[in-house]
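Accompanying notes for the structure given below.
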Amino acid sequence: MLVVSLVGALAAAVCFGLASVMQAVGMRRMSAASGPDVQLLLRALRNWLFIAGTLVDLLGFGFELLALRRLPLFLVQAAVASSLAVTAIAASVVMRERLGRWEWLAVGSVCAGLAALGVSAGHEGAHAVPRGFYLALGGCLAGLGLLGAAAGRLPARLRTVAMGACAGLCFGVLALAARTLPELSPARLLREPAAYLVAASGLVAFLLWTSALSGGSVTTATAGMVVGETLLPALTGVLVLGDGARPGFVPVALTGFVLAVGGALALARFGEVGTPAAEPV
């Protein structure tokens, strides 16, 4: 099952990376939003390419859930961040985005980091958490939603950074909630507060990220999203949920995490592959 979960984490990265390119192309002709805009999201959902990208996103989330059943959060979230390497390669083919030497090195860093994490990762910690954990996550999600709404009033550069970071943190809340799901049967999910947190955080994160993606250059927003969805969930997984590396492999795990996330940050500009400068073939 550990190998299956590792494959699931990598499959999730591929799905998220390809979906980013599809959604970005679908969003390119839409007007920018100054803040979280439900109407913008509804307009985007009338574009077939954006819808297709969203369906691929949902498939990636299914693979992420599979990975979270057996793997620690620090590995799964690093794999999710590595989707930027997939986006970069896809953009180089589909949208004629040229990768330079340093960007290929960043792709290699992501691959090396994921390999180190795969070798070093132990099993995930306990699923059972106190009810207060869900209350804390719900409070964080509400606060992030308010911060994202307030970010719409900031100057353009700060607005993009803030919305991207808030979206990443919301994706982090989603991962933490999904990590604690005891089982995936529909009858059990209806009784689990984690399931409702997954749905709510996914909606808020998607709304914030769609608005950020429509606002022009989102390179720094993508970097903020990567940090938000990797560092805090990984730290919470270790300190609260009991995730860990194999005995004696902690340095390897730390090195792998830094390589994977650092490589993803170096590729952050590919979060904006949908800007008008990039025309599809």
Side-chain angles (χ1 to χ4, degrees), residues 1-16 19 54-83 114 117-118 121-145 166-209 225 228-245 253 257:
M1 280 299 294
L2 188 61
V3 173
V4 173
S5 297
L6 283 169
V7 172
L10 295 176
V14 171
C15 288
F16 292 144
T54 301
L55 292 176
V56 176
D57 256 340
L58 291 174
L59 178 61
F61 179 63
F63 283 124
E64 184 180 0
L65 278 179
L66 175 65
L68 286 168
R69 305 299 295 168
R70 290 285 182 270
L71 298 176
L73 264 168
F74 63 80
L75 193 159
V76 177
Q77 293 309 104
V80 169
S82 74
S83 65
L114 290 178
L117 284 169
H123 288 285
E124 86 289 0
H127 286 278
V129 294
R131 291 283 173 171
F133 181 76
Y134 297 123
L135 292 176
L137 286 183
C140 289
L141 180 61
L144 288 169
C166 286
L169 289 168
C170 287
F171 282 124
V173 171
L174 185 154
L176 286 167
R179 168 69 174 71
T180 63
L181 287 171
E183 59 181 83
L184 302 181
S185 64
R188 183 66 183 272
L189 289 176
L190 290 174
R191 302 196 304 269
E192 289 296 329
Y196 297 97
L197 273 171
V198 166
S201 55
L203 179 61
V204 175
F206 196 60
L207 176 60
L208 288 171
W209 184 241
M225 184 184 70
E229 72 179 353
T230 53
L231 296 185
L232 289 180
L235 187 61
T236 304
V238 172
L239 297 179
V240 179
L241 302 180
D243 290 345
F257 187 83

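FYI, side chains are in, hydrogens and waters are out, and symmetry mates aren't considered; it's all heavy atoms of this structure.
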Note to self: Let me confirm one number: the SG-CG distance from Cys140 to Leu232, rounded to the nearest 0.5 Å.
What the structure shows: 9.0 Å
Margin query: I need the Phe61 CZ to Leu68 CG distance, nearest 0.5 Å.
Written below: 8.0 Å
Next item on the list: Output yes when a side-chain donor or acceptor of Asp57 lies under 3.5 Å from a complementary backbone atom of Ala19, and no otherwise.
Entry: no
I'd like a table of donor-acceptor pairs (distance under 3.5 Å, sequence neighbours excluded) in which one partner is a side-chain atom from residues 74-83, with atom names and distances.
unit_1, atom_1, unit_2, atom_2, d
Gln77, NE2, Glu229, O, 2.7
Ser82, OG, Ala79, O, 2.5
Ser83, OG, Val80, O, 2.8

Check: Could you give the distance from CG (Leu181) to CG (Leu65), rounded to the nearest 0.5 Å?
Finding: 7.0 Å
Notebook entry, point to check: Any side-chain heavy atom of Leu176 sitting closer than 4.5 Å to one from Leu241?
Noted result: yes
Checklist line | Closest non-hydrogen atom pair between Phe257 and Leu231, with its separation | finding: CE2-CD2, 3.4 Å
Compile the donor-acceptor pairs under 3.5 Å between side chains in residues 194-208 and protein atoms, sequence neighbours left out, one pair per line.
unit_1, atom_1, unit_2, atom_2, d
Tyr196, OH, Leu190, O, 2.8
Ser201, OG, Leu197, O, 2.6
Ser201, OG, Val198, O, 3.2

Item checked: Where Leu6 and Gly118 come nearest, the two heavy atoms and their spacing -> CD2-CA, 4.1 Å
Notebook entry, point to check: Heavy atoms, side chains only, cut-off 4.5 Å: are Tyr134 and Thr180 in contact?
Noted result: yes
Item checked: Nearest-0.5 Å distance, CG of residue Leu59 to CZ of residue Phe16 -> 9.0 Å
Next item on the list: Specify the closest pair of heavy atoms between Ala67 and Gly8, including all atoms of both residues, with the distance to one decimal.
Entry: CB-C, 4.2 Å
Notebook entry, point to check: Which atoms form the tightest heavy-atom contact between Leu137 and Val173, and what is the distance?
Noted result: O-CG1, 4.2 Å
Checklist line | Under the side chain to side chain contact (heavy atoms under 4.5 Å, CB included) test, residues paired with Leu10 that sit two or more places apart | finding: Leu114
Check: If every non-hydrogen atom of Leu71 is compared with every non-hydrogen atom of Ala9, which pair is closest and at what distance?
Finding: CD1-CB, 4.3 Å
